[in-house]
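Only a predicted model underlies this, so the values are computations on that prediction, with no experimental measurement involved. Order of the sequence lines sets the chain letters (A, B, ...), proteins ahead of strands, with each chain counted from 1.
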2 protein chains.
Amino acid sequence: MKTNIEQARERMKASGFKMTPKRLDLLSYLFEVNRYVSAREVAEALRTSHPSLSYDTIYRNLNDFSEIDLLEVTELDGEMKYRAACASGHHHHHLICRICGKTETLNVCPMEWISPAQETGFEVEDHKFEIYGRCANCQRLTS
Amino acid sequence: MKTNIEQARERMKASGFKMTPKRLDLLSYLFEVNRYVSAREVAEALRTSHPSLSYDTIYRNLNDFSEIDLLEVTELDGEMKYRAACASGHHHHHLICRICGKTETLNVCPMEWISPAQETGFEVEDHKFEIYGRCANCQRLTS
DNA sequence: TTCGGTGCAAAGGGTTTGCAACCTG
DNA sequence: CAGGTTGCAAACCCTTTGCACCGAA
């Protein structure tokens, strides 16, 4: 079974991207934390190993990786958050903890029940379904 | 039957807000366009009648009105968008046209079918369910 | 008259861009 | 070696804030 990093390498090569030490560590970090993080969190996490890593590079990489579906993106609390794409590769949604960004996967998609949206001629392109709250762990810490 | 503006007046007074000419025109505009608009769109729409209307005032009003549920807010394409609250006052979701911002109301809420999210101890606070695409009219204009 | 509303100017925060130097494949 | 990648610095855009003045009730 291929590791996440190996899969990432393949997809990057297939899209004309090169692997660099910073990209490798950025991806490793995202695979490891396994939750939605902001660019700032990425910067802080990699500051030790890459003191010169700048925000422009972080944003460029996060955006590039999102475009080849290595990452999932969502707009939360006024900023973009990114996370390693879920391995399954199949369509799903998340419960997202507002405090730590951790997610739980929801295996149902409401769109499956809402096909009759067509009557008005609206052409559906995509959708967003996210549930926000506090995960069990953050409830303990903050209440 | 009360007009939208009359209802707005009442709710504002009840919350300690005063009505001003600018607020009146801002609300009238939002009731009229009946879709999600950005602060910039508001500014442009009211520039003629209120040349001195500034962004700080627009944002302050949009935020104040949102807090008393006169407006609905969503984060879309990297910015906040606002629209007059749907009259029904009862929970619902929207199909949103990416081009003109016009919406169609969806009378179902997927949360009604997803109660078993509790097993992991996740505490649900709220959720977002939006369908994006092109309305019938914008399909004609752009294809 | 009182308390809320507004303009002004400035700052804030997240994100993007142009360009020259650098490095991967 | 070629073409992608990065740092730097600056710019951008959306949004918020402090303060003095203005205006609705």
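Residue B:G16 is in sugar-phosphate contact alone, with no base atom involved, counting any heavy-atom pair closer than 4.0 Å across all strands shown. Within 4.0 Å of B:D56, counting heavy atoms only, lies at least one base atom of the nucleic acid.
Using a 4.0 Å cut-off, some side-chain N or O of B:R23 falls inside it from OP1 or OP2 of C:dT6. Listed pair B:Y55 / D:dT15 fails the phosphate criterion, with no side-chain N or O lying under 4.0 Å from OP1 or OP2. Put simply, A:T57 has no side-chain N or O that comes within less than 4.0 Å of OP1 or OP2 on D:dT6. Residue A:T20 places at least one side-chain N or O closer than 4.0 Å to OP1 or OP2 of D:dT6. At the phosphate of C:dG14, neither OP1 nor OP2 sits under 4.0 Å from any side-chain N or O atom of A:S38.
Under 4.0 Å is where a charged nitrogen must lie from a carboxylate oxygen, and between B:R60 and B:D56 at least one such pair does. Between B:E41 and B:R35 a salt bridge is recorded (basic side-chain N to carboxylate O distance below 4.0 Å).
Under 3.5 Å, the side chain of A:R60 and the base of D:dG7 form at least one donor-acceptor pair of N or O atoms. A donor-acceptor contact under 3.5 Å is formed by the side chain of B:K18 with the base of C:dC3.
Between B:H93 and B:H91, the ring planes are perpendicular. Angles over 60° get that label, and only those under 30° would be called parallel. Aromatic ring orientation, B:H92 versus B:H90: parallel (interplanar angle below 30°, classes split at 30° and 60°).
With rounding to whole Å, B:I58 atom CD1 is found 12 Å from D:dT16 atom P.
Two residues, B:R9 and A:F17, neighbour DNA chain D, and the one matched to the more 5' nucleotide by heavy-atom proximity is A:F17. Place B:Y82 and B:M19 on DNA chain D by their nearest nucleotides, and B:Y82 ends up nearer the 5' end.
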